Amino acid sequence: SKIESFQIYETLLGRLFGYKTIVLTGSGGTQQMFSYVANARIFRSKVTELSTSSQDEFEREPREPRKRRPSSSLFDDIDLPSEATEAQLRQAVDLVRAGDRAGAQSIVRALADSDPNNADVWYMAGYLASSPDQKRQAYERALRINPAHSKARDALERL
């Protein structure tokens, strides 16, 4: 219920795809790590909001319990990539670095079918596209999914 510190770390790959790692430290020194957070500031505000509301609840008089939606969670508003998608994107990046763009394109095409609502997939699709029009469409789709995707926004501006 109490958070002492909230640290945000960004790896090189995280910078490439717009994800960060967050480490929360509780009042007892307990740490909780969250990897691949797309919207770290939103995550931070939700955690702070929950922490503050939890503390307020303990200080108030007992009351009737809140009715909660069973599927609701802290992460509902935050798009976290599936581990499989993240691993395949890493593989595509490795293939690009090795000079195998065709192999990377194959992976990204499959990801676009299996995970069409992932902004990183569409960013990579734009990066790998051969024509400026295809690049623009992919970057725009990434931004429709995640308007805060800085890599897609920067790439679109450079077109």
Side-chain angles (χ1 to χ4, degrees), residues 3 5-26 30-51 53-54 67-159:
I3 298 172
S5 71
F6 190 103
Q7 299 169 332
I8 299 174
Y9 298 98
E10 185 175 55
T11 63
L12 181 61
L13 193 59
R15 182 173 284 267
L16 177 68
F17 291 115
Y19 289 98
K20 296 173 179 32
T21 298
I22 297 173
V23 178
L24 299 176
T25 305
T30 306
Q31 290 188 336
Q32 179 67 46
M33 185 169 76
F34 299 90
S35 300
Y36 312 117
V37 178
N39 299 310
R41 290 183 189 189
I42 294 171
F43 183 93
R44 180 181 186 167
S45 66
K46 290 286 187 183
V47 168
T48 303
E49 179 184 313
L50 283 174
S51 176
S53 68
S54 295
K67 292 185 180 180
R68 297 182 188 258
R69 291 181 293 158
S71 63
S72 178
S73 80
L74 169 66
F75 306 107
D76 283 350
D77 296 338
I78 300 171
D79 296 328
L80 297 174
S82 73
E83 289 181 27
T85 299
E86 184 70 22
Q88 288 177 320
L89 282 171
R90 283 188 195 143
Q91 185 180 9
V93 169
D94 290 343
L95 288 171
V96 168
R97 289 182 180 146
D100 185 3
R101 289 180 72 86
Q105 286 172 328
S106 175
I107 290 171
V108 171
R109 267 190 235 110
L111 284 173
D113 290 336
S114 66
D115 196 355
N117 295 319
N118 186 309
D120 290 332
V121 170
W122 291 104
Y123 168 72
M124 280 298 291
Y127 179 82
L128 293 168
S130 56
S131 78
D133 189 46
Q134 290 173 332
K135 287 179 178 292
R136 181 176 311 284
Q137 288 175 3
Y139 293 143
E140 287 174 348
R141 184 154 181 186
L143 288 170
R144 280 194 305 272
I145 295 166
N146 178 4
H149 199 289
S150 60
K151 297 292 182 189
R153 185 177 49 253
D154 293 345
L156 190 58
E157 288 174 5
R158 285 191 302 267
L159 276 179

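Not measured: the values here are computed from a predicted model. This chain uses plain numbering: 1 for the first residue, then up along the sequence.
Expressed to the nearest 0.5 Å, how far CG of Asp133 lies from CG of Leu159 amounts to 9.5 Å. Distance check, rounded to the nearest 0.5 Å: CG of Asp120 to OH of Tyr19 gives 4.0 Å. For the atom pair OG (Ser130) and CD (Gln105), the distance works out to 7.0 Å, reported to the nearest 0.5 Å. In this structure, NZ in Lys135 is found 8.0 Å from OH in Tyr127, a value given to the nearest 0.5 Å.
Residues that satisfy the side-chain contact (heavy atoms from CB on, under 4.5 Å) test with Ala110, not counting sequence neighbours, are absent from this structure. With sequence neighbours left out, Lys151 forms a side-chain hydrogen bond (donor to acceptor under 3.5 Å, both in side chains) with no residue at all. Not counting sequence neighbours, Asp154 has no partner by the side-chain hydrogen bond (donor to acceptor under 3.5 Å, both in side chains) test. Here Ala104 pairs with Ala92, Leu95, Val96, Leu128 under the side-chain contact (heavy atoms from CB on, under 4.5 Å) rule; sequence neighbours left out. Residues forming a side-chain contact (heavy atoms from CB on, under 4.5 Å) with Glu140 (at least two apart in sequence, or on another chain): Arg136, Arg144, Leu156.
Annotation: side chain to side chain donor-acceptor pair (under 3.5 Å) contacts involving residues 89-99, sequence neighbours excluded, comprise Tyr36-Arg90.
Nearest heavy-atom pair across Gln88 and Ile107 is O-CG2, 3.5 Å. Between His149 and Ala119 the shortest heavy-atom distance is CD2-CB, 3.7 Å. Nearest heavy-atom pair, Tyr123 versus Ala142, reported as atom, atom and distance to 0.1 Å: N-CB, 3.9 Å. For the residue pair Ile22 and Val37, the shortest heavy atom distance occurs at CD1-CG1, 3.8 Å. Smallest separation of non-hydrogen atoms from Ala138 and Trp122: CB-O, 3.4 Å.
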